[in-house]
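Note sheet for the following structure.
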Amino acid sequence: MANILKKIISLVLIISSLLTLCACKKDKKDEQEELPAMVDPIDDNYRTFYQIFVGSFSDSSRDGIGDLRGIIDRMDYLNDGNINSGKSLGVQGLWLSPIFSSPSYHKYDTTDYYKIDWRFGTEADLKELIDLCHERNVKVILDLVVNHTSNQHPWFLKFKEARMEDDVDNKYFDYYTAVTTEEKVGGRTYQKIAGIDCWFECNFSGDMPELNFDNPEVKEEMLNVAKYYLELGVDGFRFDAIKYIYYGDTPKTVEFWDWYMSELRKIKPDIYAVGECWSGDTEIIDYYGALDCFGFAFSQQEGAIANAARGNSYLSNYTKYVEKWQSQTSAKREDAMLMSFLSNHDMDRIAGTFVTENYMRMAANLNLLTPGSPFIYYGEEIGMKGSRGSANTDANRRLAMLWGDEDIIRNPVGSTYPDDKQIQTTVKSQTEDEGSLYNYYCKLIAIRHKHPEIARGKYTSLTTGGKNIGGFIVEYEGKNIIIFHNTSTEELSYDLSKCAQLSGITFSKLADYIGSGSAKLEGTVLTIGAQTSVIIE
Ligand SMILES: [Ca+2]
Ligand SMILES: [Ca+2]
């Protein structure tokens, strides 16, 4: 009897201690979940940006075309306003592809700079989106096409009429760059106005005539457009085709952007401005006195990032390039930022160029663990694919976001990308899967955010002697961190004290790692898993 009683008592004790243990575990879990809701406090431009091709992102009106309210509805996905939630991508800026009235699906040919295209919504929708973003400390930049308009723009129709009537006193006579047959400049493309000896410049297509920036009224017009939207609350712009203002004449074009940006900074000193100069580095850096520009050589299949991520070339090619880019641009302007990216709406999606997703994850590391303000193209965070293919159409690079829910967003007109080549997962399935690429991006962005040195520090490339290991020592406000990568498919060990640039510096803490493997630091010896990156403090 006593034995039975003993057994009962011990059983009760075991059960109660188990219950206590469960309660403890539960308490700990609850603690983690109950980090205070906090809006991101940063107030500078060193932000992770997300490029939205508006017509393909999210459709709120159920016509299959993406719109501004669609973006509003998806804000919790992009940034839920709580840096501690762990349930949101956490991007700190949005680049919206052109949203002004236009006959095309891509809207790079504007017919009215003061009107939101009716398919995308209204100015009130834009204002609501901006206000919501600002509540969550997310900046919004608009894609502004300064160089050209649509050939349906009233300015162009009036210009053409003035030319046909040879009405030199007409206000619009000199609105577009026009020459006679004799005056045509080599390297530029023109189209003839039938019946008269007048050719208008149109380097992209005859549907996109180029404005004449020798005309002070045109300069004023384009300044007013930017002013209007800055006053409405946008944080800045992504400027399209900046080198085309005076195509082939870089000094004159740089002079234009110097003037334009100095005017805009009078209105908004902290304007976020990024220019698209799709050219070699020397030409891109020429514009850096005026504004930051995308680093095109980082992007695409053969770019500095994808090459390094594939592990076939020396990682030091990438690290030295980051260092060089930072020193060259900051020599032009003290607060210059590197704007790296993997792909955009004019490029084949990067995920399709890697044999496995682990390479994509490595590429994400090399894109986001960089100085400045890196960009993510919508859908990149779920590994979406899409390439021009034999149909040679950019529509395949701008396919509908794969939400996997009730959104009926459709692919743009003319797309031919086969469904069976696309990923078979969606935002919905990936958010529910802890090991998904989407959740990897969330973690990576959080790491970037946790260490302010990553975005703002001065990068020095490390000389390791290894092909697939290397990184940077990053200095910011008197503090040093190391960003170190292993791009190989094997775990590697490296004694940091062997690197000359690290001698005399004491590093004690492996602060974070992210990749296909894990990492540990024992003394000065770092063991780093395959396709993994670490932050050492
Ligand atoms: Ca719609
Ligand atoms: Ca031009």
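Counting starts at 1 for both ligands and their atoms, following the listed order. This chain uses plain numbering: 1 for the first residue, then up along the sequence. All values below were derived from every heavy atom in this structure, side-chain atoms included, with hydrogens, water molecules and symmetry-related copies excluded.
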Which atom, counting only N, O or S, brings D59 closest to the Ca ion (ligand 1)? OD1
Any N/O/S atom, backbone or side chain, of I65 lying under 3.0 Å from the Ca ion (ligand 1)? yes
Please tell me whether R74 and S58 have a donor and an acceptor in their side chains that are separated by less than 3.5 angstrom. yes
Angle at the Ca ion (ligand 2) between O of Y244 and OD1 of N147, to 10°? 80°
For OE1 in E210 and O in I245, the angle at the Ca ion (ligand 2) (nearest 10°) is 160°
Option among T393, D346, N344, N411 that satisfies the side chain to side chain donor-acceptor pair (under 3.5 Å) test with R398: D346
The Ca ion (ligand 1) is nearest to which N, O or S atom of D67? OD2
Is it true that Y272 and D44 share a donor-acceptor pair across their side chains at a distance under 3.5 Å? no
Name of whichever N/O/S atom of D63 is nearest to the Ca ion (ligand 1): OD1
Does the ring center of F49 lie less than 6.0 Å from the ring center of F375? yes
Quick check: does S60 put an N/O/S atom under 3.0 Å from the Ca ion (ligand 1)? no
Do N439 and E434 have a side chain donor and acceptor closer than 3.5 Å? no
Looking at Y288, is R333 sitting on its ring face, NZ or CZ under 6.0 Å from the six-membered ring centre and within 45 degrees of the normal? no
